[in-house]
Visitor: 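So that we are looking at the same thing, I have put the structure below in structure tokens.
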Amino acid sequence: MFKILVVEDDRELNRTVCTYLNGQGYQTVGCLDVNAAYDAMYGNVFDLILSDIMMPGTDGFSFAQSVRRLDENIPILFMTARDDLAAKQRGFFAGIDDYMVKPVDLDELVLRIGALLRRAKIAARKKLTVGSLVMDMEEHTAYLDGEEVPLTAREFDLLYKLLSYPKKTFTRTQLMDEFWDAASTSGSRSVDVYITKLREKLSGCDAFQIVTVRGLGYKAVLK
């Protein structure tokens with residue numbers, strides 16, 4: 001399930017958009033200002049960001065620029081009342097991918113979100129190939145040099161996430177939030193155990209390395 005961050009200071013609109021997107025099969029986290037959005041990003045891994053421009057404190061332009069410094073690939077869609085060319089130019093210069101003017105048609109919003117995810121090669125990607133390793137998302141299988149690697153569902157999901165965003169560091173907390181049940185009593189060090197198992201099972205693959213980022217978490221580095 002794709003996770004979308006909705007940053008909109010109008011509480012009712014925020015709730016409406018989140019509810020509608022949830023009904024379309026997305027998982028949303030709604031924030032009323034940029035500071036709350038930063039907090040949400042610390043504990044979650046999002047596939048797309050939907051943001052207003054005019055908000056209390058930090059505006060959407062600055063927010064988009066900050067996000068782009070951290071992540072070059074995540075799609076950003078502005079949803080704003082500003083319909084002037086200057087705002088649109090500033091938004092795209094800040095690194096956004098799409099721009100919608102309020103009032104927003106929610107059906108069109110869903111279409112644009114789908115297009116952005118496909119463009120980011122997230123929604124359309126069913127297989128991921130790194131060197132001699134082939135991972136099939138639909139079948140939840142991994143093959144190395146033509147032989148199946150016995151991965152658990154969680155091991156598969158962790159590896160697929162890391163390899164989908166090479167060089168991007170994921171904290172232990174982010175990985176726990178995405179791949180462990182909210183009711184789990186496991187500590188964040190459980191991630192370390194799974195990474196160790198993945199390294200052992202994929203020791204024969206020299207196309208990438210799962211690197212420990214001291215004090216943070218892990219990232220996949222392609223060779």
Side-chain angles (χ1 to χ4, degrees), residues 1-124 161 164-165 167-171 173-175 177-178 216-217 219:
M1 181 180 293
F2 300 113
K3 186 177 289 188
I4 299 176
L5 177 63
V6 180
V7 191
E8 165 62 58
D9 64 322
D10 184 318
R11 190 179 301 271
E12 185 59 35
L13 179 58
N14 193 311
R15 184 184 301 111
T16 298
V17 170
C18 287
T19 300
Y20 192 82
L21 293 180
N22 290 341
Q24 297 298 311
Y26 295 106
Q27 182 180 355
T28 60
V29 174
C31 296
L32 299 177
D33 57 50
V34 170
N35 287 334
Y38 286 138
D39 290 340
M41 292 175 70
Y42 179 78
N44 296 276
V45 178
F46 292 99
D47 298 297
L48 182 142
I49 294 174
L50 178 62
S51 176
D52 191 7
I53 291 179
M54 307 308 295
M55 295 179 287
T58 306
D59 63 23
F61 298 123
S62 298
F63 177 52
Q65 289 175 324
S66 296
V67 170
R68 274 291 166 260
R69 286 193 290 267
L70 297 171
D71 190 328
E72 297 179 354
N73 300 312
I74 185 170
I76 303 174
L77 191 160
F78 269 178
M79 181 178 67
T80 176
R82 294 193 57 174
D83 192 21
D84 56 292
L85 179 60
K88 294 178 181 178
Q89 288 177 325
R90 189 176 173 187
F92 284 109
F93 287 149
I96 70 167
D97 299 276
D98 203 353
Y99 192 109
M100 294 186 71
V101 178
K102 298 175 183 175
V104 169
D105 182 283
L106 294 177
D107 289 329
E108 181 182 353
L109 176 62
V110 169
L111 291 176
R112 294 202 184 199
I113 287 173
L116 288 174
L117 290 173
R118 287 192 299 274
R119 201 174 304 157
K121 296 182 179 179
I122 296 174
K161 189 72 175 186
S164 294
Y165 300 90
K167 296 185 179 181
K168 177 178 174 64
T169 298
F170 292 93
T171 67
T173 301
Q174 287 174 323
L175 295 172
D177 287 344
E178 182 159 359
L216 288 176
K219 65 180 178 180

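Remember, predicted model here, so these are calculated numbers, not experimental data.
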Visitor: Any chance you could measure F2, atom CZ, to I4, atom CD1, to the nearest 0.5 Å?
Guide: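 The distance works out to 9.0 Å.
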Visitor: Check whether N44 reaches the backbone of F46 with its side chain - one donor and one acceptor, N or O, closer than 3.5 Å.
Guide: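 Such a contact is absent between N44 side chain and F46 backbone.
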Visitor: Heavy-atom distance under 4.5 Å between the side chains of Q89 and Y99, does that happen here?
Guide: no
Visitor: Between K161 and Y165, is NZ or CZ placed under 6.0 angstrom from the six-membered ring centre and within 45° of the ring axis?
Guide: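 No, K161 does not lie over the aromatic ring of Y165.
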Visitor: State whether the side chain of R90 and the backbone N or O of F93 hold a donor-acceptor pair below 3.5 Å, judged by distance alone.
Guide: no
Visitor: Quick check: do L109 and L106 have side-chain heavy atoms less than 4.5 Å from each other?
Guide: yes
Visitor: For a side-chain contact (heavy atoms from CB on, under 4.5 Å) with I74, tell me which candidate from V67, L116, D97 qualifies.
Guide: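 When side-chain contact (heavy atoms from CB on, under 4.5 Å) is applied between I74 and each of V67, L116, D97, only V67 qualifies.
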Visitor: What's the spacing between M54 CE and D10 CG if we round to 0.5 Å?
Guide: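 Going from CE on M54 over to CG on D10, the span is 14.5 Å.
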Visitor: Anything under 30° is parallel, anything over 60° is perpendicular, the rest tilted; go ahead and classify F61 against F78.
Guide: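 Answer is perpendicular, since the angle exceeds 60°.
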Visitor: How close do I96 and A64 get, heavy atom to heavy atom, and via which atoms?
Guide: CG2-CB, 4.0 Å
Visitor: What pairs with C18 under side chain to side chain contact (heavy atoms under 4.5 Å, CB included), at least two apart in sequence or on another chain?
Guide: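 So C18 forms a side chain to side chain contact (heavy atoms under 4.5 Å, CB included) with V6, N14, T28.
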Visitor: Any side-chain heavy atom of M55 within less than 4.5 Å of one from D33?
Guide: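 No - every pair of side-chain heavy atoms lies 4.5 Å or more apart.
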Visitor: Aromatic ring centroids of Y38 and F63 under 6.0 Å?
Guide: yes
Visitor: Considering non-hydrogen atoms only, spot the tightest contact between C31 and A40 and give its length.
Guide: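 Closest heavy-atom pair between C31 and A40: SG-CB, 3.9 Å.
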Visitor: Find out whether P56 and D9 are in side-chain contact, i.e. whether some heavy atom of one side chain is under 4.5 Å from a heavy atom of the other.
Guide: yes
Visitor: Check this for me, if you would: do D83 and K102 make a salt bridge, where the nitrogen-to-carboxylate-oxygen distance has to be below 4.0 angstrom?
Guide: no
Visitor: Taking 4.0 angstrom as the limit, do D47 and K3 come out as a salt bridge?
Guide: no
Visitor: Looking at every non-hydrogen atom in both residues, tell me the closest pair between I76 and G95 and how far apart they are.
Guide: CD1-O, 4.5 Å
Visitor: With a 4.5 Å heavy-atom cut-off, do D52 and L13 have their side chains touching?
Guide: no
Visitor: Could you tell me if the side chain of R82 sits less than 4.5 Å from the side chain of V101, heavy atoms only?
Guide: no
Visitor: Can you list the residues that meet the side chain to side chain donor-acceptor pair (under 3.5 Å) rule with D59, with sequence neighbours excluded?
Guide: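 D59: side chain to side chain donor-acceptor pair (under 3.5 Å) contacts with S62.
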Visitor: Counting heavy atoms not belonging to F92, are there more than 12 under 6.0 Å from its CZ?
Guide: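 Yes - once you tally the heavy atoms of other residues, nucleotides and ligands closer than 6.0 Å, there are more than 12.
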Visitor: Side-chain contact, heavy-atom cut-off 4.5 Å: L48 with L5?
Guide: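 SC-SC contact between L48 and L5 ruled out.
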Visitor: May I have the step-by-step check of side chain to side chain contact (heavy atoms under 4.5 Å, CB included) for T80 and M100, ending in yes or no?
Guide: CA-CA 6 Å; T80 176; M100 294 186 71; over 6 Å; no
Visitor: Donor-acceptor check, side chain of E178 to backbone of L175, threshold 3.5 angstrom: yes or no?
Guide: no
Visitor: Just how far is it from atom CZ of R112 to atom CG of L50, taken to the nearest 0.5 Å?
Guide: 11.5 Å
Visitor: Taking the side chain as C-beta and beyond, is there a heavy-atom pair between Q24 and I113 under 4.5 Å?
Guide: no
Visitor: Looking only at heavy atoms, which two atoms of A94 and Q65 are closest? And how far apart?
Guide: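 Looking at all heavy atoms of both residues, the shortest contact is CB-CG, 3.7 Å.
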